[in-house]
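One structure is given below, encoded as structure tokens.
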Amino acid sequence: MGLKIYNSLSRQLEEFSPLMDGHVSMYSCGPTVYDYIHIGNARTALITDIIRRYLEYRGYAVKLVQNLTDIDDKIIARAKTLGISSGQLAQTNGKAYFEDTQRLGIQPADVHPKATEHIPEMIELIQMLIDKGAAYVIDGSVYYRVNSFNEYGKLSRRKPEDLLAGARVEVDERKEDPRDFDMWKAAKPGEPSWDSPWGPGRPGWHIECSSMAMKHLGETIDIHAGGEDLLFPHHENEIAQSELATGKPFARYWVHVAFLKIDGRRMGKSEENFIFLREALDRYPAEVIRHFLISAHYRHPLDYSLESLQKSESALKRLNNCLETLQKYHEEIPVVAEIDNATPSNVSETNMNLLSAIDTMQSRFTDAMDADFNSAQAVGSIFSLVSQVNKAIGSSNGVFPDTFASAYRKLTEICQVLGIYKINEDNTDTTAENYDALIELLLEIRQGARDQKDWDTSDKIRDRLKQLNIEIKDTHDGSTWKFVS
RNA sequence: GGUGGCGUAGCCAAGUGGUAAGGCCGGAGUCUGCAAAACUCCUAUUCGUCGGUUCGAUUCCGACCGCCACCUCCA
């Protein structure tokens with residue numbers, strides 16, 4: 001059983017096989033940086049991140065390119081109201097984009113090309129299209145002649161007459177065909193511009209992706225991802241430009257991420273119903289937001305609500321509790337010892353069951369992700385094992401520490417692919433170390449009180465520590481503590 | 001008008017031509033000095049409605065109802 005991807009181009013689930021054995025080239029349409037990104041934008045970025053992580057987990061070498069649209073009408077307009085330059089605005093928001101996505105645990109792409117740094121490449125591509133008769137110049141702007149590409153509409157399945165019937169197509173009398181779109185926009189007075197053979201101007205949106213994808217990944221790329229709203233016209237136009245220029249398929253697998261909704265409607269910037277990713281990150285740990293965003297399959301709409309985030313928070317707490325309990329086995333058992341854990345004569349049924357549950361989780365996880373990156377199902381496989389582990393810990397008769405250690409390693413390995421466990425682990429540990437001795441002392445005193453059934457003192461210590469976000473649990477093996485938020 | 005999608009327990013959400021993963025919330029227990037955590041049991045003979053195909057459909061087909069999106073910038 002291999003990996004299958006739903007290809008928007010064929011509208012079918014297809015067996016995935018990259019152009020070059022073992023290597024995957026992937027392009028993801030990035031943000032237009034006129035503002036911070038909202039959680040809806042983050043969904044697409046996160047799915048891209050997880051597809052990449054999973055492909056790597058499966059052994060592929062992935063090259064991911066994600067563009068930054070740093071010049072367009074909205075940037076110009078926003079910069080004007082703020083009284084700063086477009087460049088300044090783009091730079092500030094571009095920086096913010098990386099801050100936000102990295103807080104969410106999204107790994108940077110291998111290349112993050114900016115439109116303004118690829119003007120010559122775009123001019124070259126436009127010129128090529130003019131030379132081929134696929135574009136025409138009017139008043140310093142260059143338009144793509146949709147009629148010159150007879151496969152136009154193959155991605156979105158739109159027929160010319162359908163488009164014309166829609167009353168919402170902007171009528172520009174200068175264009176030969178209402179469907180034609182601009183690849184180069186002549187600058188109006190006062191607008192930022194770049195020199196070109198057709199006069200000063202700036203690139204159109206679609207040309208930048210064609211040009212930068214081909215520059216960094218070649219004429220044919222394996223996977224092209226983006227939000228479903230980009231399917232038309234953006235991706236349709238990318239195909240038209242690129243394929244007419246090269247005569248080769250532009251992207252082999254088109255992946256489109258469904259919308260994040262809020263109150264049943266699409267979360268969108270023009271809707272003004274969005275929540276910035278950074279706002280959400282201030283309220284919830286990154287893992288919680290990630291868990292929420294992958295709790296439905298990427299091709300299905302997902303509704304944002306406080307309640308949903310809380311559900312994810314509770315679910316993740318369950319996962320964390322389990323892993324924290326397992327962690328000590330992992331720390332006590334050297335990894336090498338794990339290899340030979342088959343055997344002993346006194347091997348219990350619980351132990352056997354747990355071992356097989358670990359294998360089951362592994363294969364169910366892979367099957368789920370192989371089925372067009374079904375993250376919701378994949379998460380289910382993880383929680384099934386969590387349940388098994390908890391039962392085994394509860395009974396704990398005849399379960400080898402090795403088995404628990406092995407469960408810990410497998411679970412954390414899988415969680416890494418989805419990024420739902422300690423993705424930004426680094427700072428908390430040193431803080432914990434500093435507190436360690438101090439809290440151990442308090443726990444010792446408390447244990448003394450408990451031995452004398454002095455519950456007042458015992459509970460006081462627990463309650464006061466709780467106020468300091470330190471939670472104590474009494475178990476059979478003594479008391480444990482941890483930071484909570 | 002054109003195109004596409006969705007409707008599964010109180011909520012969120014997988015899934016399959018043979019009778020429903022997982023999570024959350026709630027209730028009752030077990031454990032515990034009490035908490036916390038965990039465990040057990042309870043919570044869909046049923047998958048929007050009505051028909052059809054089939055030995056059998058939630059899963060295939062058709063109609064209908066409801067919701068959403070794209071066709072204009074938007075992940």
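The model shown is predicted, which means the values in this text are computed figures rather than measured ones.
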Distance-only criterion, 3.5 Å: show the donor-acceptor pairs between side-chain atoms of residues 264-274 of chain A and protein atoms not counting sequence neighbours.
residue: Arg266(A); atom: NH2; partner: Asp229(A); partner atom: OD2; Å: 3.0
residue: Lys269(A); atom: NZ; partner: Tyr36(A); partner atom: O; Å: 3.3
residue: Asn273(A); atom: OD1; partner: Gly268(A); partner atom: N; Å: 3.0
residue: Asn273(A); atom: ND2; partner: Arg266(A); partner atom: O; Å: 2.9

Arg158(A) NZ/CZ over Phe232(A) ring centroid, <6.0 Å and within 45° of normal | yes

Look at the side-chain N and O atoms of Arg265(A) and state whether any lies under 4.0 Å from the OP1 or OP2 oxygen of A69(B).
-> yes

Nearest-angstrom distance, P atom, A37(B) to G26(B) = 11 Å

State which residues pass ring-ring contact (aromatic ring centres under 6.0 Å, His included) with Tyr421(A); sequence neighbours excluded, sorted by chain then number.
-> none

Salt bridge (Lys or Arg N to Asp or Glu O under 4.0 Å) assessment of Lys185(A) paired with Glu191(A) = CA-CA 11 Å; Lys185(A) 300 169 92 136; Glu191(A) 284 183 349; over 6 Å; no

For Thr480(A), what residues pass the side-chain hydrogen bond (donor to acceptor under 3.5 Å, both in side chains) criterion, not counting sequence neighbours?
-> none

C1'-based separation of C70(B) from U8(B) [nearest Å] = 26 Å

For Ser295(A), which residues count as a side-chain hydrogen bond (donor to acceptor under 3.5 Å, both in side chains) partner, sequence neighbours excluded?
-> none

5' priority, RNA chain B, between Ala378(A) and Arg299(A) [closest heavy atom] = Arg299(A)

Pick base, sugar-phosphate or nothing for Gly226(A), based on heavy-atom distances below 4.0 Å to the nucleic acid.
-> sugar-phosphate

So, with a heavy-atom separation below 4.0 Å from RNA chain B, the residues of residues 89-98 of chain A are none

His256(A) and His235(A): aromatic ring centres closer than 6.0 Å?
-> yes

Nearest whole angstrom, please: distance from the C1' of G4(B) to the NE2 of His235(A).
-> 16 Å

For C31(B) versus C41(B), give the span between their C1' atoms, rounded off to a whole number of Å.
-> 15 Å

Reading RNA chain B 5' to 3', how would its secondary structure be written in dot-bracket notation, given Watson-Crick and G-U pairs with both distances under 3.5 Å, brackets [ ] for crossing pairs and | for partners on other strands?
-> (((((((..(((.........))).(((((.......))))).....(((((.......))))))))))))....

Any idea how His297(A) and His300(A) line up, ring-wise: parallel (<30°), tilted (30 to 60°), or perpendicular (>60°)?
-> perpendicular

Whole angstrom is fine here: how far is it from CG in Asp73(A) over to C1' in U72(B)?
-> 12 Å

C1' atoms of C25(B) and U54(B), separation to the nearest Å = 40 Å

Starting from P on A21(B), measure out to CZ on Phe383(A) and report it in whole angstrom.
-> 17 Å

Let me know the distance between CG of Asp35(A) and P of A75(B), rounded to the nearest Å.
-> 11 Å

What distance, rounded to whole Å, do you find between the two C1' atoms, one in G48(B) and one in U59(B)?
-> 15 Å

May I ask you to check whether His118(A) and His216(A) place their ring centres under 6.0 Å from each other?
-> yes

Can Arg318(A) be said to sit on top of Phe383(A)'s aromatic six-ring, NZ or CZ under 6.0 Å from centre and within 45° of the ring axis?
-> no

Could you state the atom-to-atom distance from CD1 of Ile39(A) to P of A75(B) in whole Å?
-> 15 Å

Identify, with sequence neighbours excluded, every residue that meets side-chain hydrogen bond (donor to acceptor under 3.5 Å, both in side chains) alongside Arg446(A).
-> Ser458(A), Asp474(A)

Of the residues in residues 251-264 of chain A, which ones touch RNA chain B at a heavy-atom distance under 4.0 Å?
-> Ala258(A), Phe259(A), Leu260(A), Gly264(A)

Side chain proximity check, Gln241(A) to Cys209(A), heavy atoms < 4.5 angstrom | no

Tell me: CD1 of Ile414(A) to P of G22(B), nearest whole Å?
-> 18 Å

Can you check each nucleotide of nucleotides 30-40 of chain B against protein heavy atoms at under 4.0 Å and return B for base, S for sugar-phosphate only, - for none, in 5' to 3' order?
-> ---BBBBSSSS

Give the rounded distance in Å between these two atoms: CG of Leu230(A) and P of U72(B).
-> 14 Å

Check whether the ring centres of Tyr27(A) and His224(A) lie less than 6.0 Å apart, and answer yes or no.
-> yes

If the P atom of A63(B) is compared with that of A69(B), how far apart are they to the nearest Å?
-> 24 Å

For U16(B) and G10(B), measure between their C1' atoms and round to the nearest Å.
-> 25 Å

Take atom CG of Asn320(A) and atom P of G23(B), then tell me their distance rounded to the nearest Å.
-> 15 Å

Examine G2(B): is either OP1 or OP2 under 4.0 Å from a nitrogen or oxygen in the side chain of Arg157(A)? Give yes or no.
-> no

Separation of the C1' atoms in G23(B) and A9(B), to the nearest angstrom | 13 Å

Would a 4.5 Å heavy-atom cut-off, applied to side chains only, mark Ile5(A) and Phe373(A) as touching?
-> yes

Residue list, side-chain hydrogen bond (donor to acceptor under 3.5 Å, both in side chains) with Asp451(A), at least two apart or on another chain | Gln447(A)

Readout for nucleotides 9-16 of chain B: B = base within 4.0 Å of protein heavy atom, S = sugar-phosphate only, - = neither; 5' to 3' it is --BSSSS-

Would you tell me whether Thr457(A) and Asp454(A) have side-chain atoms, one donor and one acceptor, within less than 3.5 Å of each other?
-> yes

Sequence neighbours excluded, every pair satisfying salt bridge (charged side-chain N to carboxylate O under 4.0 Å, His left out) that has a member inside residues 288-298 of chain A = Asp49(A)-Arg290(A)

Taking the six-membered ring where the residue is Trp, are the ring centres of Tyr408(A) and Tyr329(A) under 6.0 Å apart?
-> no

